[in-house]
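These numbers come from a predicted model, not from an experiment.
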Amino acid sequence: MERKSSRRRILCVVSVISFSGVLAPMGGCENSPLRGILQSRTAMDLLSPLVKDAANAYISDLMALSQRLDNLDSLQGVMEFVSEIQPTIDTLNTAYKTLANTTGDERRWLLEAFGPKIDSVNSAFISGSDGVTENWAWNKVLEKALDQVQLFEE
């Protein structure tokens, strides 16, 4: 009930703004920042809790791995990293499978709601892993663990 009244308020505000001519100079809803905000919220609302949880887990786990990669500064640290990250890789891959199995509207909503964050953490992970694997010895230790990480892409 509260959700319906909240939506009604948003729709009323959007209607008042658009009828008052504020949105007209912006070239229509498809180009305005308001459209992005409303669509993201709608896409997020339309996603199933399972997909939302998977996307949040994917983002947080990949971000955690990236941050740990950025902090590696010795071979000993690399070996500790590899021995500690398997649970994170497992939960990350479980989240990946859920995201990869989305189709149709749910995939579209997922990309609309989480796409920029997913792209950002993917880039951070690639950058971090590229940086540490330039060292031949570190690469040999990290290779097997990092190869287990599956990146979700459009």
Out of curiosity, Lys144 NZ to Asn139 CG, how far, rounded to the nearest 0.5 Å? 14.5 Å
Between Leu69 and Phe81, does a side chain to side chain contact (heavy atoms under 4.5 Å, CB included) hold up when you go through it step by step? CA-CA 8 Å; Leu69 282 171; Phe81 171 78; 3.7 Å; yes
When every non-hydrogen atom of Ala95 is compared with those of Ala54, the smallest separation belongs to CB-O, 3.3 Å
Looking just at side-chain N and O atoms, do Asn71 and Gln67 make a donor-acceptor pair shorter than 3.5 Å? no
Say you draw a straight line from NZ of Lys52 to CG of Leu47; how long is it, rounded to the nearest 0.5 Å? 6.5 Å
Derivation and outcome, side chain to side chain contact (heavy atoms under 4.5 Å, CB included), residues Val141 and Leu75: CA-CA 9 Å; Val141 175; Leu75 184 57; 3.9 Å; yes
Is Leu50 linked to Met44 within one hydrophobic cluster, defined over Ile, Leu, Val, Met, Phe, Trp and Tyr using a side-chain heavy-atom separation of less than 4.5 Å? no
Closest heavy-atom contact between Asp70 and Gly128? OD1-CA, 3.7 Å
Can you measure from CG (Leu111) to CD (Glu153) and round to the nearest 0.5 angstrom? 11.5 Å
Gap between atom CG of Leu92 and atom CG of Leu99 - 0.5 Å precision: 9.5 Å
Side chains of Thr88 and Leu62 in contact at under 4.5 Å (non-hydrogen atoms): no
Donor-acceptor pair, side chain of Asn93 and main chain of Gln148, under 3.5 angstrom: yes
Go through the structure and list residues passing side-chain contact (heavy atoms from CB on, under 4.5 Å) with Gln76, not counting sequence neighbours. Ser74, Met79, Glu80
Do Phe114 and Val121 have side-chain heavy atoms sitting under 4.5 Å apart? no
Separation between CG (Leu142) and CG (Leu72), nearest 0.5 Å, reads 6.5 Å
Pairwise side-chain contact, Met63 with Ile59, heavy-atom cut-off 4.5 Å (strictly under): yes
Can a side-chain donor-acceptor contact be found between Thr91 and Asp61 if the only test is distance below 3.5 angstrom? yes
Taking side-chain hydrogen bond (donor to acceptor under 3.5 Å, both in side chains) as the cut-off, I'd like each qualifying pair that reaches into residues 117-135, sequence neighbours left out, listed once. Tyr58-Asn122
side-chain hydrogen bond (donor to acceptor under 3.5 Å, both in side chains) pairs, two or more places apart, involving residues 95-104: Thr102-Arg107
For Ile89 and Ala145 the tightest heavy-atom approach is CD1-O, 3.4 Å
